There are 2 protein chains.
Amino acid sequence: MTDLQRRPFVSARMVAERAGVSRSAVSRTFTDGASVSEATRRKVLAAAGALGYHVNHLARGLRENSNIVCLVVADLTTPIRAGLVDELTRKLQAASKITMVINTESDDESVATALRQTLNYRADATIVLSGTPPASLIETCLANGQQVILINRADHLQGSQNLGVDNAMGAREAFFLLQRAGCRRLAVVTSTARTASLLQREDVFVEAARKAGLDVAVTRAGPTTYASGLEAGRRLFGRSDGPDGVFCVTDLLALGFMDAARQEFGLRIPDDVCVVGFDDIEQGGWESYRLTTFAQPLAAMADHAVDLLAEPHAWGSERKLFEPLPVWRRSVRANSR
Amino acid sequence: MTDLQRRPFVSARMVAERAGVSRSAVSRTFTDGASVSEATRRKVLAAAGALGYHVNHLARGLRENSNIVCLVVADLTTPIRAGLVDELTRKLQAASKITMVINTESDDESVATALRQTLNYRADATIVLSGTPPASLIETCLANGQQVILINRADHLQGSQNLGVDNAMGAREAFFLLQRAGCRRLAVVTSTARTASLLQREDVFVEAARKAGLDVAVTRAGPTTYASGLEAGRRLFGRSDGPDGVFCVTDLLALGFMDAARQEFGLRIPDDVCVVGFDDIEQGGWESYRLTTFAQPLAAMADHAVDLLAEPHAWGSERKLFEPLPVWRRSVRANSR
DNA sequence: TTGAAAGCGATACCAT
DNA sequence: ATGGTATCGCTTTCAA
């Protein structure tokens with residue numbers, strides 16, 4: 001064995017030696033409110049600067065909180081996911097937490113593995129944005145003193161803290177929008193990913209339509225992507241009587257759907273078909289689309305999640321729901337024709 | 001002081017007590033290739049399972065490598081950034097590293113702060129995707145035994161390992177593409193962010209055109225966004241003789257530009273204007289755009305970065321350049337008219 | 001194979 | 001204000 005493996009990180013002891021003080025003095029210099037004389041303080045700072053010393057937060061985390069928060073997420077490239085991760089990392093940073101991102105598949109086994117990792121790194125909290133962790137594992141995290149925050153996940157998990165957008169409200173509003181626009185042949189475009197959020201958006205919309213005496217054609221062409229929306233459009237307009245009002249449970253699906261309707265079937269939006277999305281991703285605002293949709297208030301949701309971290313564990317707390325905000329653009333007629 | 005602050009994480013000692021063995025035995029059970037009898041092993045595993053024990057990687061990292069890799073990034077919502085972060089987190093995960101993401105502003109001061117954080121957490125390596133860290137700080141990281149990997153950053157930094165896409169090659173090819181399409185009134189659409197990559201794409205294109213005896217109008221309407229591309233389009237076509245061949249140094253700019261040309265000036269692409277982008281973000285492939293562009297081979301770049309981590313520090317290594325891959329779609333005419 | 005003990009880097013408590 | 005010491009949880013010698 002050679003010395004190659006030696007870790008050259010400079011430690012407090014090295015700084016102490018160079019400054020001619022004790023290790024304790026060094027530690028105190030870097031601790032707020034500790035009592036150090038200006039003289040030693042200066043000596044320590046000089047030595048630290050010269051050596052390139054940085055306090056080892058890993059060692060510090062041995063005694064107290066690690067200040068690490070884990071983000072478990074899948075499909076990071078999806079605009080809505082990227083947006084949420086962006087908000088969260090920013091705000092955690094501002095709250096002087098450090099963020100570990102675990103990019104996992106969304107199947108439950110991968111999520112379970114991810115959760116175990118957060119335990120390994122003694123994360124103070126875990127924020128799950130994708131997949132549905134098994135209750136037993138959440139149990140374990142909780143037992144280890146971790147906070148578990150679920151965003152836009154199924155709401156039946158015990159002990160975890162939950163928050164998300166109000167899918168039911170959004171879906172209901174989406175129906176009213178189309179109804180007011182005078183649409184009679186309704187359709188829902190959704191994905192084969194049967195997550196709680198997506199299913200709820202679908203179900204509530206269909207139910208609202210049923211109550212109004214309208215039938216809804218439900219299409220799921222694949223995963224929650226642009227391509228699936230495109231394919232759904234092909235299928236729906238390939239038949240004899242295409243829909244004249246469509247709720248796409250995700251903006252990404254909506255944009256694909258709009259492209260199919262316009263490019264491949266020469267339909268005009270909103271004249272021939274009205275389209276409503278959900279999420280409010282940046283691309284929906286682009287001139288080629290101008291999609292009417294419901295926004296997830298990502299900033300507010302991230303704020304709330306970070307606030308949760310500061311609070312003492314709010315046991316048995318209800319799921320906090322955020323109102324989706326309607327974003328009026330041009331994919332729905334303003335009034336019935 | 002109450003006991004509320006007590007960290008309830010279960011430790012190896014607790015497991016040892018419950019299993020009736022020594023702490024060493026517990027440690028060995030969770031260490032590959034350590035010698036433990038099947039009997040004690042089983043006992044330990046049982047106790048660990050019952051208690052919900054997970055090895056503390058923070059404490060482990062005190063002696064050896066932390067296995068932590070820091071990603072310093074800005075503008076996480078940008079598709080190209082999200083794509084790169086996605087690839088990297090995935091591949092780091094596969095290499096059994098844990099990823100810390102520092103979402104920073106791209107100004108140098110913020111990046112410096114981020115770099116210091118990576119030192120605090122004893123990251124084995126730091127991968128910088130945004131901004132330009134000061135050389136002195138890279139020095140410090142290196143001195144502390146960290147690897148510093150810069151992706152698509154300026155290439156003059158000593159000691160760091162560099163990789164990126166070959167901007168010059170892409171820009172040159174972009175010019176040839178437009179030249180072959182018979183474009184004579186050329187323009188470059190770029191942003192006010194004067195990063196090395198963007199400047200190089202601009203400069204090389206302009207230079208290639210100049211050599212061919214063609215002049216280039218350079219427009220920078222704002223940051224590297226869709227909105228800036230849109231605005232650039234308005235400016236360029238607001239004058240008497242708009243361009244007939246445009247190189248947008250980023251796909252995002254290109255998509256905005258295309259929308260301005262088509263929606264606001266009724267121009268046809270590629271008949272009236274040819275447009276070439278750079279990056280190959282997913283949206284460029286959408287039916288509304290079908291943008292011809294040059295792809296950054298993100299997967300290959302991420303692979304390389306992760307490989308670098310495994311190798312002994314390749315000192316003085318050259319900057320590794322990846323060829324941008326032409327993606328032929330429909331925003332450039334196939335042949336000169 | 002197993003347990004005891006040293007050490008990793010930092011902080012908090014105790015004397016001084 | 002300062003230095004010594006115990007402690008956090010783990011891995012790794014070293015003996016037995």
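Throughout, protein chains are lettered first and strands after them, A, B, ... in sequence-line order, and every chain is numbered starting at 1. Nothing here was measured: the structure is a model prediction, and the numbers come from that model.
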Rounding to a whole Å, what distance do you find between B:N120:CG and C:dG9:C1'?
-> 13 Å
Rounded to whole angstroms, how far apart are CG on A:L62 and P on D:dT11?
-> 12 Å
So does A:E109 pair up with A:R116, basic N to acidic O under 4.0 Å?
-> yes
In Å and rounded to the nearest 0.5 Å, what is the CD to OG distance from A:E139 to A:S160?
-> 10.0 Å
Does the ring center of B:Y53 lie less than 6.0 Å from the ring center of B:F9?
-> no
Phosphate contact (C:dT2 OP1 or OP2) by B:R41 side-chain N/O below 4.0 Å | no
What is the distance from CG of A:N56 to P of D:dG9, rounded to the nearest Å?
-> 16 Å
Are A:R90 and B:E105 within salt-bridge range, i.e. N to O under 4.0 Å?
-> yes
Send over the distance from B:D32 CG to D:dT12 P, rounded to a whole Å.
-> 11 Å
Basic-acidic side-chain contact under 4.0 Å: A:E64, A:R122 | no
Choosing from D:dC10, D:dG3, D:dT2, which nucleotide comes nearest the side chain of A:S22?
-> D:dG3
Is B:S130 reaching over with its side chain to a backbone N or O of B:A74, donor-acceptor style, under 3.5 angstrom?
-> yes
Minimum-distance nucleotide to B:S35 side chain [options: D:dC8, D:dT2, C:dT2] | C:dT2
Rounded to whole Å, CZ of B:R42 lies from P of C:dT2 at a distance of 12 Å
Scan nucleotides 11-16 of chain C nucleotide by nucleotide, 5' to 3', and note B when protein non-hydrogen atoms come under 4.0 Å of the base, S if they reach only the sugar-phosphate, - if neither.
-> BBB---
Find the distance A:K43:NZ to D:dG3:C1' and express it as a whole number of Å.
-> 13 Å
Residue mapping more 5' on DNA chain C - nearest nucleotide basis, A:H57 or B:A25 = B:A25
Main-chain N/O of B:N67 paired to B:D124 side chain as donor or acceptor, under 3.5 Å | yes
Measure the OG1-CG distance between B:T77 and A:L84 for me, rounded to the nearest 0.5 Å.
-> 12.0 Å
Does B:V85 offer a backbone N or O that forms a donor-acceptor pair with the side chain of B:T89 under 3.5 Å?
-> yes
Does A:S11 make a side-chain N or O approach to OP1 or OP2 of C:dC8 shorter than 4.0 Å?
-> no
Looking at five pairs on each end of the helix from C:dT1-D:dA16 to C:dT16-D:dA1, what is the angle between the two axes, given to 10 degrees?
-> 50°
Interatomic distance, B:N65 CG vs C:dG9 P [rounded to whole Å] = 13 Å
Under-4.0 Å side-chain N/O to phosphate OP1/OP2 contact, B:R13 with C:dG3 = no
